[in-house]
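Throughout, numbering of the chain's residues begins at 1 and tracks the sequence. Each ligand, and each atom within it, is numbered from 1 in the order the structure gives.
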Amino acid sequence: MRYISTRGTAPALSFEEAMLTGLARDGGLYVPETIPTLTPEQIARMSGQSYEEVAFTVMRPFVGDTFTDSEFRDLIAKAYAGFGHDARAPLVELAPNHFLLELFHGPTLAFKDFAMQIIGQMFQLALGRKNARVTIVGATSGDTGSAAIEAFRGLENVDVVILYPHGRVSEVQRRQMTTPGEDNVHALALDGDFDDCQARLKDMFNDFEFRDGVQLAGVNSINWGRVLAQVVYYFTSAVALGAPAREVSFTVPTGNFGDIFAGYIAKRMGLPIADLVVATNQNDILHRCLNGQGYRKGTVHPSISPSMDIQVSSNFERALFDAYDRDGNAVAQLMTELAQGGFDVSQGAMQALTEIYSSGRASEEETSQTIADFVTRTGELLCPHSAVAVKVANERRDAATPMITLATAHPAKFPDAVEAATGIRPPLPARMADLFDRPERLTRVANDVEALKTHIKGLIRA
Ligand SMILES: *Cc1c(COP(=O)(O)O)cnc(C)c1O
């Protein structure tokens, strides 16, 4: 299995190389050269299997010879052992034919743990046997950073530096990044928004001297390994509801387009998915684009669902690559136009996109209202991201097709928004109840790539 860049000029890489590098050297994102498919019989056999067994079947064809079967099984087992629920990703019925897929039982209470925990295991094995080391620099709107720090803390071959937008993450998110004491993990609070963090990260990747000097690696959702790990729960949940004999739809609270793109990969692999619904908050560039208004950057408006406060959705480039029939030149051209503010999607590509994805948005008021209605009706609390998706799913679903809505974080990760909507302050699960007592460690940094590079060179271990 080879991986090619969405901009068409970077060299093709193996799974291991694509995973360890993150962003392609032509600025593009790595995608598999071909998408392996599973037969309906193979999918049907997943019924009744453990999450780990399904994970093996789904991911194995993408990994090539990077890991042996037994190494790979072992990685999967280690990655999910620390989850707080035996099913890993349990499915809960909300209403007739509407289900919530709970993806928040991992160590940092957001779905990012599904990918990050296994990426941590894969990096450790791949680097350890080569006696190599890397510096992981990640940008986060909150949940990626905490999941990465949790997954990589204390690992011998990795230094981790996380950039988050100062003052724009929740206190639980910040504390999950700033309280681990291991000296290989560092939280940097950048003066700017998430798009600034992401842009500085790209600047660092595009400076090849710095990139090679510190052995820079990325674990943002642009990393193919992240997307791949997220394909698994589309299978487990759809099969639980009768796939492959029965079609299902998904609604996904979307920011960087990584999670929903994993749903698209599941569909391409043979899972019968009727509709993939992109749910956005008031930062709705994707919703506007999928409704024919072009892909145009606005300014980020901070919301109560901060992990989706994004104007440039990195993984959307992967969707565009396929919508433009894998024409890397066309994608490179679009990305040049995006740097000037935005672009129009061609008619053919729009058609390809809208055949797969539909979309909806939730305003701040609608999000709060959904959290309030939900607790009244079910007694359960939703995190604001999940509430955005529930609101949109209710608009989009029909009576015939089961709708699976992804619940991407635990409500206790966003207690202020949940309390404002319901009057109830969601408690942290017992295993992290002392989070507010642990000492914090963080550094404020300017939105300046040169200063950042100097700072990072000073942090990393030789
Ligand atoms: C990251 C995140 C999202 C958005 O996921 P993408 O893959 O970036 O689209 C949604 N909800 C929560 C809680 C998140 O942490």
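- The side-chain hydrogen bond (donor to acceptor under 3.5 Å, both in side chains) test with Lys413 singles out one residue from Glu171, Gln176, Gln173, and that residue is Gln176.
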Run the numbers on Arg361 and Asp284 for salt bridge (charged side-chain N to carboxylate O under 4.0 Å, His left out), then give the verdict.
CA-CA 7 Å; Arg361 97 195 267 283; Asp284 60 354; 2.8 Å; yes
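- Within a 6.0 Å radius of CD in Glu93, other residues, nucleotides and ligands contribute more than 12 heavy atoms.
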Stepwise, does the ring pair (Phe, Tyr, Trp, His ring centres under 6.0 Å) test hold for Phe114 with Tyr51?
CA-CA 11 Å; Phe114 276 90; Tyr51 188 88; 5.6 Å; yes
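- For Phe261 and Tyr264, the distance between ring centers is under 6.0 angstrom.
- In this structure Thr178 satisfies the side chain to side chain donor-acceptor pair (under 3.5 Å) test together with Glu440, sequence neighbours excluded.
- Closer than 4.0 angstrom to ligand 1 by heavy atom are Phe111, Lys112, Asp143, Pro253, Thr254, Gly255, Asn256, Phe257, Gly258, Asp259, Ser307, Met308, His385, Thr408, Ala409, sorted by chain and number.
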